[in-house]
Amino acid sequence: MSEVLLQVNNLKKYFPIRGGVFQRTIGHVKAVDDVSFQINKGETFGLVGESGCGKSTIGRTILRLHEKTSGDVLYKGTDLYSLSHSKLRAMRPKLQIVFQDPYSSLNPRIKIGDAIGEALLDHGIYHSKSEVRELVHETLNICGLASYHIDRFPHEFSGGQRQRIGIARALILNPDFIVADEPVSALDVSIQAQIINLLQDLQQTKQLTYLFISHDLSVVQHLCTQIGVMYLGSMVELAPRDELFNQPLHPYTKALLSAIPVPDPTLRRERIVLQGDIPSPANPPSGCKFHTRCPIAVDRCKQEIPAFRDMGGNHFVACHLV
Ligand code: SF4
């Protein structure tokens, strides 16, 4: 029986919209609206959807980089939001994040070795200078960088190498769980494959659990065991990877899958092109939020919010017509 490492229950994150002379709250952006899922130890859960659908906000709210509006986040059964400041700080090394653009979080004047070693000090993990240097060397090597890189500056690295540095900064803290927030989106396809291979290798050797966030279903296909599809702050479908790719149920998932190029040119997949732009999460459509773009919407969809129903086999979907 698999051990649940992370459980997210009915998570909501609303950002206030302020206006008027007194900057009063005049509305909310419902960035994450009642989302639930769990991740087993050693697995990779993929969160996919167009930009602005709330997937990055979920990652940050789990790690308490944003404070939740409501809901629960349980890590090994402990509610992260019930922890005192000091207990949360002690737990932080175990819960790490890798960003899309690690360069933006690196000080251009600080050598890479110091930047990676700094992560230990930031988290109150103290070692002697020589021990830190030794650990940094080891971590750089594990992440596919050479020892001599330790004394180089961020601008001397390529995009792929910078992402390896971002992974090294997380890895040196010996985490259990990593939120990988679009970690390969800014990279060329060949480099993407190298970083995904690195993440897979680290998962095997370090028993890591990932929440892998991407707007690209073809990327999550290689890495993830479970996939959740997000639309406008809500999860519309959740299924084991193969089930989702072979038996997608939600019209939005079908549209996303139809956009993936098929490697075999003799196979044709009908492209479903969604009309219109993604609506504003500050003013989402009534009923099913997808009804303004759904090719099969009926009148009921404008009025009733579809329940997130269990279709069996750990496959859930929110659609009136499924
Ligand atoms: Fe489309 Fe209606 Fe299903 Fe929403 S509930 S996905 S609008 S058919």
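Owing to the predicted nature of the structure, the values given are computational and were not obtained by experimental measurement. Reckoned from all heavy atoms, side chains included, excluding hydrogens, waters and symmetry mates. Both ligands and their constituent atoms are indexed starting at 1 by order of listing.
With hydrogens left out, the protein atom closest to atom 3 (Fe) of ligand 1 is Cys319 SG, 2.3 Å, a heavy atom. When only non-hydrogen protein atoms are considered, atom 5 (S) of ligand 1 lies nearest to His320 N, 3.3 Å.
The closest side-chain heavy-atom distance from Leu120 to Leu135 is below 4.5 Å. At least one side-chain heavy atom of Met91 sits under 4.5 Å from a side-chain heavy atom of Leu83. At least one side-chain heavy atom of Leu47 sits less than 4.5 Å from a side-chain heavy atom of Met230.
Atom numbering of ligand 1 starts at 1 in the shown order; those under 4.0 Å from a heavy atom of His250 are 6 (S). Close approach to His291 involves these atoms of ligand 1, each under 4.0 Å from a residue heavy atom: 7 (S). Set against the non-hydrogen atoms of Leu321, the atoms of ligand 1 under 4.0 Å away are 8 (S). Numbered from 1 in the order shown, with element, the atoms of ligand 1 that lie under 4.0 Å from a heavy atom of Pro251 read 6 (S).
Because its NZ or CZ atom is both nearer than 6.0 Å to the ring centre of Phe15 and within 45° of the ring axis, Lys13 counts as a cation-pi partner of that residue. Both the sub-6.0 Å distance and the 45° axial angle are satisfied by Arg64 relative to the ring of Tyr81.
No part of Arg300 comes within 4.0 Å of ligand 1, judged by heavy-atom distances.
Formation of a donor-acceptor pair under 3.5 Å by the Glu131 side chain with backbone atoms of Ser128 is found in this model.
Comparing heavy-atom distances from atom 2 (Fe) of ligand 1 across Cys294, Pro306, Pro285, Cys301 singles out Cys301 as nearest.
Between Phe37 and the choices Asn9, Leu11, Leu211, the side-chain contact (heavy atoms from CB on, under 4.5 Å) rule is met once, by Leu211.
Within the 2.8 Å limit, Cys288 places no N, O or S atom next to atom 3 (Fe) of ligand 1.
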